[in-house]
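The chains referred to below are lettered A, B, ... by the order of the sequence lines, with proteins before strands, and numbering in each begins at 1. Worth saying up front: this structure is predicted, and the values here are computed from it rather than measured.
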Amino acid sequence: MPRNFKIQDKMTIDLIIRDKVLEAVEKLYEQKMPVESVQVQITRKEFEGDLTVIVFPFLRFSKKSPEQTAEDLGNYLLQNINEIDKFNVVKGFLNLGISSSYWLSVLNNAYANPDFGFKKASDESPLVMVEYSSPNTNKPLHLGHIRNNLLGYSLCEILKANGNRVVKTNIVNDRGIHICKSMLAWQQWGNGETPESSGMKGDHLVGKYYVLFDKEYKKEIAGLVASGMGNDDAEQNAPSIVAARELLRKWENKDPETIGLWKTMNGWVYKGFDVTYKKMGVDFDKIYYESETYIIGRDEVMRGLNEGIFYQKEDGSVWADLTADGLDHKILLRSDGTSVYMTQDIGTAKERFNDYTIDKMIYVVGNEQNYHFQVLSILLDKLGFEWGKGLHHFSYGMVELPNGKMKSREGTVVDADDLIEEMVHVARKTSEELGKLEGLPEHEAEETFRLIALGALKYFILKVDPKKNMLFNPEESIDFNGNTGPFIQYTYARIQSVLRKAAEQGIVLQPLDMNLDVAAKEQELIKKVVLFESVVEEAGNLYSPALIANYVYDLVKEFNQFYHDFSILKEENDQVRNLRLALAETIAKIIRSGMKLLGIGVVERM
RNA sequence: GCCUCGGUAGCUCAGUUGGAUAGAGCAACGGCCUUCUAAGCCGUAGGUCAUGGGUUCGAGCCCCGUCCGGGGUACCA
């Protein structure tokens, strides 16, 4: 797939060509055209050439056949651009051949720059705050959270690489009825069980009681219905839910015993989350807690009410009328004065903009909340925050299992910890079967298995367009061949192996001979190397780790063909060998950089 | 109902401002390790790009209709 990347305005040679094409049209056909009308793209592999100008748009000026027009332009460009050394015409396509020396200089540039493709941020650079992860503290993280965390982390890396200052933030949903449910279940049936006494990870332990609550609650409902109560009444009056509500009320009244239990159980969960976050390799610069920000949000809503921005119903509930914006009415405070999801998000946003001078706020949250963020933005704007309209919801698709959606309470989830362990297990097994890594110290081998396993998982998730829903089949998704993370890591390891051998043989890289005639395959590779810069930029503009993943795969696939067909160290022509080494080293660097943007580590051998 | 996103090979996914014969991986089949790592490379097979119209020199991509699917539309988060 040679054509999935935009090159326009990215490659200097491309700019020159556009310019000269305009000039040619002007001189040959006495017509002025806008720059946008010139289409320059990478020549498809089946055809000879490097860059292609599409001449169809010029036909109405040239009043000649496509072939003749292309000939005219080709001759003009050949004479007026040094870097072009040949051209051919196929129908309305003018294929231009760029000289070896141009490609060599481009490679040289990429090779010499240790931060190739990355822009540095300064104190003046835009500050972007990215919210991601946002867990509830009543259950462990699952596959859905994994996609969120990986996307969020990668997005931050990509934004940094594009010269932004980035603050990674997390909002922890640590209060509310769902938290009280697991607390209540633990009180009722826990017998004082702790992570220490049970040997269970804290988040899993709390999750167990959340599930238990639901089970008991459902039993109670069934019992009540059997004794003649209506279903709705039963749901409202089952002893467990009544008790949970009472617990929430106590929590809001700061009952010491309740607050104590809440702190204890949340503490268990945080410890568990820390382990999972660390395993995933994600982190945060600043963490906000809903238990703190919902108060700020409530105050803002009250202010809005006083200023007539919102209105109150007779039952005391507070609403926003969004019909003027083409939306509906939205509740902001319940009739009992307690706050809803929206309330805390208003407070969190305000707090963040107080804490930081934010140029861009990005929320990494699933697309099921598109409406929520549309409303949030409008509400903040109505409340007078000039940044309200500028919030950006990075909306990603859901992860589906072969049998449908994941539901925590019904146990149809793929647990994050389990999944990672399983992948490490498979990585270890595969590696041992292949007999790789023999002679490596145990802890180094273990670290390699971990990197490969995480590489497989992260790449699998990040390579798909964030906007789209994706399917995760636990049996089939654990793959280490083909378009996968390990395949890319493997290519990196191969290059490192070559470089080690080169060093052993005392081969030292020399400056490139700029007069060298570059062979077709090397030129193909150099062309892909150059694209890295524009891909990073494009990924930053479109907020898409998938672009990075697909590019790196494309590069690596091409390199493996080269590796198979040609020898690097055994090449007899010193200059050619030198070029191949420089190319391999540059490609390794890009693999490392690209993988870093995805939050994936590379391995020296595998 | 209304709003919104999607439908590309058996499966999972690419496919940039509309451009040449729609591409990968997996699965299937057949080749390639005395040669820098075979977690690799090469080949075969696999498509009415959901569907019907339209715009255009040119449509997987743009416009309209239809069918199918996801999500939203809660005093849940």
| request: Please determine, for B:G69, whether a Watson-Crick or G-U wobble partner exists with both distances under 3.5 Å, and give it or none. | output: B:C5
| request: Classify the nucleic acid contact of A:Val464 as base, sugar-phosphate or nothing, counting any heavy atom under 4.0 Å across all strands shown. | output: sugar-phosphate
| At under 4.0 Å between heavy atoms, what does A:Ser431 touch on the DNA or RNA strands: base, sugar-phosphate, or nothing? | base
| said: What is the separation between atom CD on A:Gln374 and atom P on B:C2, rounded to the nearest whole Å? | reply: 18 Å
| task | Go through the N and O atoms of the side chain of A:Asp328 and the base of B:A74, and report whether any donor-acceptor pair is under 3.5 Å. | result | no
| query | Between B:U12, B:A20, B:G40, which nucleotide gets closest to the side-chain atoms of A:Tyr490? | reply | B:G40
| Quick one: do A:Glu67 and A:Lys91 make a salt bridge, cutoff under 4.0 Å? | no
| Across all strands shown, which nucleotide pairs with B:G25 by Watson-Crick or G-U wobble geometry, both distances under 3.5 Å? | B:C11
| Which base sits across from B:U34 as a Watson-Crick or G-U pair, both distances under 3.5 Å? | none
| request: Return the 5'-most residue of the pair A:Pro466, A:Asp565 with respect to RNA chain B, ranking by each residue's nearest nucleotide. | output: A:Pro466
| Side-chain H-bond candidate by donor/acceptor type, A:Gln369 with A:Tyr341, under 3.5 Å | yes
| said: Could you check whether the side chain of A:Lys570 and the base of B:U35 have a donor-acceptor pair of N or O atoms closer than 3.5 Å, going by distance alone? | reply: no
| said: Taking atom types as they are modelled, would you say the side chain of A:Thr52 forms a donor-acceptor pair with the base of B:A20 within the 3.5 Å cutoff? | reply: yes
| message | If stacking means aromatic ring centre less than 5.5 angstrom from the base's six-membered ring centre, planes under 30°, is A:Phe56 stacked on B:G58? | response | no
| In terms of the nearest nucleotide of RNA chain B, which residue is placed more toward the 5' end: A:Glu290 or A:Phe47? | A:Phe47
| said: I want to verify the glycosidic state of B:C11; is it syn or anti under the 90° rule? | reply: anti
| When the ring planes of A:His329 and A:Tyr311 are compared, do they come out parallel, tilted or perpendicular, using 30° and 60° as the limits? | perpendicular
